Amino acid sequence: MNGRVFAGLLWCGVIGFVAPHPLPAAEALLPADYGHFDLAAVRAELPKESDRAMVERRLVDNGGTGVRVFRVYRPIAAHYHHYSDTVLKVLAGEADLVIDGGEPLHVQPGDVVFWRAEVVHAVAGVRKGPVDFLAIDTPVRRPDDVQWAASP
C-alpha cells in the first residue's frame, strides 16, 4: 500500500464505549513504510461532548504497533488489557489516573505515562475536560481486550 492510500484510510470512523461494555470493532489501518498525521485535525473531529465516557480514533494498526487518539469525558472504571503495553501522552485537559492501585496521578498536557499489559488502570476523575490522549500500544490493543477489574 502506498502513502496516498494510507492517507486516504486515515479518516476512519470515531468509535467509543460506555463503561462497562467492551469497545466496538475498529477499522485496521495498515501503513506501508511511513505515514503522517495532523493530530490537531484528528482531535478537531472528535465530538466536544458525548454521552460516552470515551471516544477514540485509531490511526495506525499494523499488528505490531497501534496508534490512537482518544478523548475522555468522564471517569472510566478500573480495567486492564491482556495483550498490550501502553504509552500515553496527554494532549489537552487534565485528569487523575490511578495505575496499579497507586495514588491518583494528576496528568496534564505534555505528561507521558505508561504501563505494561495486565496492569490495572483507570481515569479516576476529569479535572479539566475533555481530556485528549495520544496512545501508542504494542502490540496493537485489540478492541475486545478491555477487561474490567473487580470492584473492591
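Atom set for the values below is all heavy atoms of this structure, side chains included, hydrogens, waters and symmetry mates excluded. Just so we're clear, the structure is a prediction, and the values are computed from it rather than from any experiment.
Using a 4.5 Å cut-off between side-chain heavy atoms of Ile, Leu, Val, Met, Phe, Trp and Tyr, with links allowed through other members, Val131 and Ile99 fall into the same hydrophobic cluster. Criterion: ILVMFWY side-chain heavy atoms under 4.5 Å apart, direct or through other members. Under it, Val90 and Ile76 are part of a common hydrophobic cluster.
Of the inter-residue distances, the one linking Thr138 atom OG1 with Phe114 atom CZ reads 12.0 Å to the nearest 0.5 angstrom. To the nearest 0.5 angstrom, His121 atom NE2 is 11.0 Å from Tyr80 atom OH.
Put simply, the side chain of Val113 reaches to within 4.5 Å of the side chain of Leu105, judged on heavy atoms. The side-chain heavy atoms of Val112 and Leu88, taken from C-beta on, include no pair separated by under 4.5 Å. Looking at Val120 and Asp100, their side chains never come closer than 4.5 Å, going by heavy atoms from C-beta outward. Asp96 has its side chain out of reach of Val123: every pair of non-hydrogen atoms, C-beta onward, lies at least 4.5 Å apart. Looking only at side-chain heavy atoms (C-beta outward), Leu59 and Leu39 come within less than 4.5 Å of each other. Here the side chains of Tyr73 and Met54 are not in contact, with every heavy-atom distance at 4.5 Å or above. In this structure, Val69 and Arg43 have side chains that are in contact, with non-hydrogen atoms separated by less than 4.5 Å. Contact check for Val140 versus Arg58: side-chain heavy atoms found under the 4.5 Å cut-off.
Using a cut-off of 4.0 Å between Lys/Arg side-chain N and Asp/Glu carboxylate O, Glu45 and Arg57 are scored as salt-bridged. Salt-bridge check for Glu49 with Arg71: failed, with every basic side-chain N at 4.0 Å or more from each acidic carboxylate O. Salt-bridge formation is not detected for the pair Arg116/Glu118: no Lys NZ or Arg NE/NH1/NH2 atom is positioned less than 4.0 Å from an Asp or Glu carboxylate oxygen. Between Arg68 and Asp137 a salt bridge is recorded (basic side-chain N to carboxylate O distance below 4.0 Å).
Minimum heavy-atom separation, Gly125 to Pro75: CA-CG, 4.1 Å. Closest approach of Arg141 and Ser84 over heavy atoms only: CA-OG, 3.1 Å. Residues Ala77 and Ala122 approach most closely at C-CB, 3.9 Å, considering heavy atoms. Among all heavy-atom pairs drawn from Pro109 and Ala92, the shortest one is CG-CA, 3.9 Å. Closest approach of Pro47 and Val55 over heavy atoms only: CD-CG2, 3.9 Å.
Using a 30° and 60° split on the angle between ring planes, His79 and Trp148 fall in the tilted class, from 30° to 60°.
In this structure, a donor-acceptor pair under 3.5 Å is absent between the side chains of Gln147 and His81.
Checking each of Leu91, Val72, Asp111, Thr86 against Phe133 for a side-chain contact (heavy atoms from CB on, under 4.5 Å) leaves exactly one that passes, namely Val72.
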